[in-house]
Amino acid sequence: MLNPRTSGPARSPAVAPSARTAPSRAPSRAPSSPEGFTVSARQDPRLARTGEHWLSLPNPRGVPVEICAGAGVPLEPAAVTEALALLETAGTLERLAEATPGYTGPEPRITRAALTPDFHKGAGIPIGTVLETEHALLPQAVGSDVNCGMRLEVTALRAGRVRARLDALERRLRHLFFEGGRRIALTPVQREALLRDGLPGLLLAGAAPWRGFRPEDADDALDRAHACAHPAATAAAFADWIGSAGGASHDSVIGGIGGGNHFAELQYVAEVHDPAAAHAWGLTPGTVVTMVHSGSLSLGHQANATALDALRAGWPAGLPRPRDGVLPFLLDERSEPARRRYLDAFANAANFAAGNRYFLSLAMRAGLAAECGDPDARPLYDAPHNLFWRDGDRFVHRKGATPAGGHAEMAGGPYAMWGEPVIVPGSMGASSFVLRGHGNPRTLASACHGAGRRVPRGASARGGDAELDAFLREFRVVTPLDHRDPVTARRRDVMAAWRRDLKQEAPWAYKDIGPVVSSLAGGGVATPVAELRPLLTVKG
DNA sequence: ATGTCC
């Protein structure tokens, strides 16, 4: 079922995403947008190619670092520099253990790292980093949008039915998401249940019948909870939100999409690459799905800020703070109270994010139900890409990297047969992919979380007006602003800000998804199951 | 990515 237009070595399952070519007027490159942020891997002498789909990053600390990226993936030298700086944290850990009074624990270490093909520069640590440590926890290796992730639901609707109702759906979803239509009622007791015990906790505690809710959602949440439900001892860090005004009738936070690259999208299965797995997962051609990309809004930021404040305050006097600002927790007794506060707030934020993706999916269900008939939507997966996983004193941190377990990692659960669903969204207007993971140890069983930014934020704000207009003519984008409304469109200041933000997320600000997905497939990290194309995008 | 400060 692979696209015959793709040429490539027979060994690498070739993927030809139709994203760049299929929507005939879609801008695939932007001559006016700034270039020069990325190079091909062979132009960066710090990288060593070890295979068709693999590079290594030799470093003075001798930490094994594998990068999954074929020759066609553009890489950002600034992000390579950032990755090298991160590895110096190994030295920080040594000095911190020595300088911490009474530290007698095992030597804290960075044992392994991997970069996914979408990696690009982040705030201190590249987005697309997988980091394994022992006896040390790095909040910044998760990122401040704790449990940002993807949720995919498969509906019983066909693309034709949705396409015929797009105008009405657009109005309906605008109302649901941006005009007070979501009306998600949560009592303080329910908010606390969500933050402490996650979505299963909330739904099993006796869910209110929100629009779109199905009783089976509780079972689904339990079945699929895995790492997304983090029990927390307390939700004290978020007492304000739990008890905030609005309470039982309306919540102004939950149900928000967020900004940046976050979205909720109606898509359909355009191509099947792995018929057996696609059939098992309900991803048959023409099937409509809802895809949600969102995080913990302000909660993760608060958790992260709390941790960093504690780390700075407890930093040993006389030990210089690392230049890159990456501060680790040691697993010693002295840092335990602060670490506990962070772990609880982290768990609260992670639970909020997964719950919020559920509520965003409910809004999509409600919109579909009102315009197209019962979508009978069932979650395929909720995949966190900013999170850490703990196994004793070993931590696997993923920042902008998504789990891609294989049969072994998924044994005993609903994904044992085909491996873990890996949701890789393309840039706006482009195809997205569902893949299945193979548990490849070279990436610590991780895949990328998207196409990856190619042009830094801010830089991409310049130029690209013609391309943005072409994009907006081609694709249906629902935003808080109706740019086609004559009154709104006359507010030049408002429209300028809106266009600036949208341009930062435009297709030309991102890498092509094709070589990225081909790297995952060829490298044996995850193989494509189905390709999805957008019908309607809701942008926060 | 976030929501807010000057």
Side-chain angles (χ1 to χ4, degrees), chain A residues 76 78-79 82 116 118-129 138-151 177-178 195 237-238 240-241 244-246 251-265 291-309 325-326 342 345-346 348-357 360 383-388 397-402 425 427-428 448-461 479-481 493-494 497-498 500-506 509-510 537-540:
Chain A
E76 193 182 4
E82 202 173 42
T116 55
D118 62 338
F119 84 92
H120 55 282
K121 195 176 176 313
I125 294 177
I127 294 153
T129 296
L138 280 68
Q140 287 144 300
V142 167
S144 54
D145 193 0
V146 171
N147 194 6
C148 187
M150 309 295 306
R151 182 179 171 105
F177 281 95
F178 303 126
L195 294 198
F238 301 104
D240 284 355
W241 178 64
S244 61
D251 192 291
S252 61
V253 178
I254 204 154
I257 293 179
N261 57 2
H262 291 174
F263 64 83
E265 196 161 84
M291 181 181 279
V292 166
H293 178 198
S294 187
S296 45
L297 304 179
S298 63
L299 280 76
H301 293 258
Q302 190 178 320
N304 207 50
T306 307
L308 289 178
D309 286 348
V326 174
Y342 168 63
F346 167 88
N348 298 152
N351 289 334
F352 174 91
N356 199 43
R357 286 195 287 276
L360 293 170
H385 53 232
N386 288 1
L387 215 58
F388 69 79
H397 310 69
R398 293 191 177 96
K399 180 186 180 189
T402 198
S427 60
M428 274 205 301
C448 58
H449 82 312
R453 188 168 274 287
R454 187 178 65 82
V455 179
R457 271 180 207 291
S460 56
T479 71
L481 287 177
D493 52 334
V494 174
W498 176 77
R500 183 195 58 215
D501 289 351
L502 204 58
K503 276 191 274 188
Q504 302 205 342
E505 300 307 322
Y510 283 83
T537 308
V538 186
K539 286 292 293 177

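Throughout, protein chains are lettered first and strands after them, A, B, ... in sequence-line order, and every chain is numbered starting at 1.
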Problem - Touch class at under 4.0 angstrom, heavy-atom based, for A:G295 against every strand present - result: nothing

Fill in the blank from the handout: chain A reaches DNA chain B, atoms under 4.0 Å from its heavy atoms, from B:dA1 to B:dG3

Completion exercise
For A:D493, the salt bridge (Lys or Arg N to Asp or Glu O under 4.0 Å) test, sequence neighbours excluded, returns A:R491

Exercise for the section: Under the side chain to side chain donor-acceptor pair (under 3.5 Å) rule, collect the residues that match up with A:Y510, sequence neighbours excluded. Expected result: A:R453, A:E505

Exercise for the section: Mind checking side chain to side chain donor-acceptor pair (under 3.5 Å) for A:N348 and listing every partner two or more places apart, or none if nothing turns up? Expected result: none

Exercise for the section: Please list, chain by chain and in numerical order, all residues satisfying side chain to side chain donor-acceptor pair (under 3.5 Å) with A:T537, sequence neighbours excluded. Expected result: A:E265

Completion exercise
Taken in chain and number order and not counting sequence neighbours, the residues that satisfy side chain to side chain donor-acceptor pair (under 3.5 Å) with A:R151 are A:E153, A:S361

Practice task
Pick base, sugar-phosphate or nothing for A:S144, based on heavy-atom distances below 4.0 Å to the nucleic acid.
Solution key: base

